[in-house]
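Have a look at the structure below, then the notes.
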Amino acid sequence: MRLLHTMLRVGNLDNSLQFYCDVLGMTLLRRKDYPGGEFTLAFVGYGDESDHTVLELTHNWGVESYDLGDGYGHIALGVDDIYQTCEAIKARGGKVVREPGPMKHGSTVIAFVSDPDGYKVELIQLKDQASPQEPSQTQSVTA
């Protein structure tokens, strides 16, 4: 088994695609309208679905926003240089809601950005993240 994708419901698909593709550097892998169900699916990621986990953005026509609830946490992306990545995200119009720095009660350097619907994306500094027993499996973001 392997993890295929994570799905997020989005209120404005164009805004979400701009964020995930132009700000975070993902690629639109496929997009399809389903008129009978009045929804559109768009899949984005850092590599082909055949060997990468991707993000499914679901836009239900006529729905402009969702209550995110308190059960959802975040998506996490590994980055090689968290400070440079955050600066690049800001330069592309992204919103950094937690500047880079050590996590509470730990030493891992993290930051958070927010997508157009309010979903949080955690950035994790990859350098020195993997222990010899557990190599990192996190996909790296290129800024």
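Take Lys95 and apply the salt bridge (charged side-chain N to carboxylate O under 4.0 Å, His left out) test, not counting sequence neighbours, and it matches no residue. Evaluation of the side chain to side chain contact (heavy atoms under 4.5 Å, CB included) rule for Asp51 yields Asp48 as partners, not counting sequence neighbours. Remark: Asp22 pairs with no residue by the salt bridge (charged side-chain N to carboxylate O under 4.0 Å, His left out) rule, at least two apart or across chains. Contacts of Arg30 classified as salt bridge (charged side-chain N to carboxylate O under 4.0 Å, His left out), with partners at least two apart in sequence or in another chain: Glu49.
The shortest non-hydrogen separation linking Pro100 to Tyr83 is CB-CE2, 3.4 Å. The minimum heavy-atom distance between Asp81 and Gln84, with the atom names listed, is OD1-N, 3.0 Å. Taking all atoms of both residues into account, the shortest heavy-atom contact from Arg98 to Met103 is NH2-CA, 3.8 Å. The shortest heavy-atom contact between Ser114 and Val97 is CB-CG1, 3.8 Å.
The hydrophobic clustering, which links ILVMFWY residues whose side-chain heavy atoms are closer than 4.5 Å, places Leu17 and Leu77 together. One hydrophobic cluster holds both Leu68 and Leu8 under the rule that ILVMFWY side chains link at heavy-atom gaps under 4.5 Å. Hydrophobic clustering, with ILVMFWY side chains joined whenever heavy atoms are under 4.5 angstrom apart, keeps Val10 apart from Tyr34. Placement of Leu13 and Tyr66 in two distinct hydrophobic clusters is found when ILVMFWY residues are connected by side-chain heavy-atom separations under 4.5 Å, directly or transitively. The hydrophobic clustering, which links ILVMFWY residues whose side-chain heavy atoms are closer than 4.5 Å, places Leu24 and Tyr72 together.
The CG atom of Leu55 lies 9.5 Å from the OH atom of Tyr46; values are rounded to the nearest 0.5 Å. His52 NE2 to Met26 CE: the interatomic distance, rounded to the nearest 0.5 Å, is 11.5 Å. One finds the CD1 atom of Ile89 at 9.0 Å from the CD1 atom of Ile82 (value rounded to the nearest 0.5 Å).
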Please tabulate, for the side chains in residues 38-45, all donor-acceptor contacts under 3.5 angstrom to protein atoms that are two or more places apart in sequence or on a different chain.
unit_1: Thr40; atom_1: OG1; unit_2: Asp33; atom_2: OD1; d: 2.6
unit_1: Thr40; atom_1: OG1; unit_2: Trp61; atom_2: NE1; d: 2.8

Which pairs would a plain distance check flag for residues 115-124, meaning a side-chain donor or acceptor within less than 3.5 Å of a matching protein atom at least two apart in sequence or in another chain?
unit_1: Asp115; atom_1: OD1; unit_2: Asp117; atom_2: N; d: 2.8
unit_1: Asp115; atom_1: OD1; unit_2: Gly118; atom_2: N; d: 3.0
unit_1: Asp115; atom_1: OD1; unit_2: Tyr119; atom_2: N; d: 2.9
unit_1: Asp115; atom_1: OD2; unit_2: Tyr20; atom_2: OH; d: 2.7
unit_1: Asp117; atom_1: OD1; unit_2: Gly11; atom_2: N; d: 2.9
unit_1: Asp117; atom_1: OD2; unit_2: Ser16; atom_2: OG; d: 3.2
unit_1: Tyr119; atom_1: OH; unit_2: Arg9; atom_2: O; d: 2.8
unit_1: Lys120; atom_1: NZ; unit_2: Gly118; atom_2: O; d: 3.2
unit_1: Glu122; atom_1: OE1; unit_2: His74; atom_2: NE2; d: 2.7

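In this structure, Thr53 contributes its side chain and Leu3 its backbone to a donor-acceptor pair below 3.5 Å. Listed for the Asn12 side chain is a donor-acceptor partner under 3.5 Å among the backbone atoms of Asn15.
Counting only heavy atoms from C-beta outward, the side chains of Thr108 and Gln125 never approach each other to under 4.5 Å.
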